[in-house]
There are 2 protein chains.
Amino acid sequence: MKKTTEEYRSKCPLSIALELIGDKWSLVIVRDLCMGKSKYGDFQSSPEGIPTNILASRLRQLEENGIVIKEPYQDRPTRYAYFLTEKGADLLPVLQQLVIWTQKYVPDCLTPPEIFSQITPQDLLRKRER
Amino acid sequence: MKKTTEEYRSKCPLSIALELIGDKWSLVIVRDLCMGKSKYGDFQSSPEGIPTNILASRLRQLEENGIVIKEPYQDRPTRYAYFLTEKGADLLPVLQQLVIWTQKYVPDCLTPPEIFSQITPQDLLRKRER
DNA sequence: ACAGTTACTTGTTTTTTACAAGTGGCTATA
DNA sequence: TATAGCCACTTGTAAAAAACAAGTAACTGT
C-alpha cells in the first residue's frame, strides 16, 4: 500500500485518512472487529452483506495499512483470525462520532450496545490480550 | 436521496453514515466548507483536484441529504454559494477525529490550522450568521 | 464415498470515478 | 462590435472499482 506522503493526493490529514479508510466497507469491518468478531465468516454474516471478494480484498488492504493483523487459529488448513492493531483500535473515536451523528439525524436507526459508546481504544487492545 | 431507514443496507448507524458520506470526496468538500470556502471554484482549487463533474454531483447529493444549503450570491447569471447546515456542521467532530488519527499514524502529513481543532459545530454556524 | 463447512478465488456485469472537452451567460478589453 | 476570458457547470468516454454468481481447496463428520 501507500507508504510516503508523496503518493497521496495531498498532505492534508483528512484527505489521507479518506484514501486509507474512506470507502463503503473498511469501517464496517473495523466496527465488527471492535465488537469482537474475528473470522472471515463472522464478517460475512453481518447484516450489510459484504460481497466476499470485496471482503477478502479489504482485509488484505487493512493488513497492508497496519490496521489489522492476522494470526493463525488452526492448522490443516491454516486459517487466520483478524484483530485490530493499535492503529486500528484508534479508529474507534471516529466510529463513535459517526454513530453520534447518525443517531442525531437519521430517525429510526439502531442504537448500538451501550458498551460501544463507552469503550476506549485501550479497552479493545486489552480485551485482545486476555 | 435516501429518506427512510428501509432503503439502507442495514439500520446500523455506522453503516448508514458511510452510505451518506463514506466516499472519497464528500468529507473533503465538508472540510473546505468548514474552512470558510463557499463557491464552486473554491472547492475546485483545493489541492486534491476534485474532478468537476464529481464536484457538481457531490454538491447536489450533499444538498439532497441536508448537509449543505445553497444560496444565490449574484444574478445574471444566478450563482450559488454553498454553506453547511446544522447537520453538516455536526460532522466537524468526525473530521477532527480523522485528523487526530492521521496525525498520529501518518508521518509527514500537514498540521491543520490550530483553529480547526479548537472550533465547534456551533462556531461554524455562528460564523455563517454574521 | 459423499455432503457440509470455511475461506477464499475467478469471471463477468454493473456502477462509479476520472479525464477531457464543450456550453451558456455574462464582463472587460481592443 | 468582435474577441477574449471567467465562472459554474454539463456531456461524452475511458478506466477503475464494486457487485453478483459461481467455483475451488482443504479439510471434517456421517
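Excluded from the calculations below are hydrogen atoms, water molecules and symmetry mates; all remaining heavy atoms, backbone and side chain alike, are included. Computed from a predicted model, the values in this text were never measured in an experiment. Residue numbers start from 1 in every chain, and the chains themselves are labelled A, B, ... in the order their sequence lines are given, proteins ahead of strands.
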### Query
In whole angstrom, what separates B:Asn53's CG from D:dA14's P?
15 Å

### Task
Please step through salt bridge (charged side-chain N to carboxylate O under 4.0 Å, His left out) for the pair B:Glu86 and A:Lys104, ending with a clear verdict.
CA-CA 11 Å; B:Glu86 191 200 344; A:Lys104 183 166 179 185; 3.6 Å; yes

### Task
Compute whether any side-chain donor of one residue and acceptor of the other, for A:Thr78 and A:Tyr73, lie under 3.5 angstrom apart.
no

### Task
Give the intermediate values and the outcome of salt bridge (charged side-chain N to carboxylate O under 4.0 Å, His left out) for residues B:Arg31 and B:Glu48.
CA-CA 12 Å; B:Arg31 173 202 65 188; B:Glu48 290 82 13; 2.9 Å; yes

### Task
Hey, could you give me the CG/CD1 distance between B:Leu98 and A:Ile16, rounded to the nearest 0.5 Å?
12.0 Å

### Distance, nearest 0.5 Å, that separates OG of A:Ser46 from CG of A:Asp32
3.5 Å

### Task
Apply salt bridge (charged side-chain N to carboxylate O under 4.0 Å, His left out) to A:Lys24 and B:Asp23, showing your working.
CA-CA 7 Å; A:Lys24 294 255 187 285; B:Asp23 65 273; 5.1 Å; no

## Note on the structure
Contact span of DNA chain C against chain B, any nucleotide atom under 4.0 Å from a heavy atom, 5' to 3', runs C:dT17 to C:dC26

### Task
Return the residues of residues 73-84 of chain B meeting this criterion: a heavy atom under 4.0 Å from some atom of DNA chain D. Order them by number, or give none.
B:Tyr73, B:Arg79, B:Tyr82

### Summary
Here the distance between atom C1' of D:dA17 and atom CD1 of A:Ile54, to the nearest Å, is 7 Å

### Message
Any side-chain to backbone donor/acceptor pair from B:Gln97 onto A:Gln97? Under 3.5 Å, distance only.
### Response
no

### Message
Which residues in residues 23-44 of chain A have a heavy atom closer than 4.0 Å to any atom of DNA chain D?
### Response
A:Trp25

### Query
Whole-Å distance between D:dT10 C1' and B:Leu55 CG?
13 Å

### Summary
Interatomic distance, CG@B:Asp123 vs CD1@B:Ile115, rounded to 0.5 Å, equals 8.0 Å

### Message
How long is the straight-line distance from CD of B:Gln61 back to CD1 of B:Ile54, given to the nearest 0.5 Å?
### Response
9.0 Å

### Task
Please assess B:Asp42 against B:Lys39 for the test salt bridge (charged side-chain N to carboxylate O under 4.0 Å, His left out), listing each intermediate value before the final yes or no.
CA-CA 5 Å; B:Asp42 295 337; B:Lys39 298 194 211 155; over 6 Å; no

### Query
Roughly, in whole Å, what's the span from NZ in B:Lys70 to P in D:dA8?
12 Å

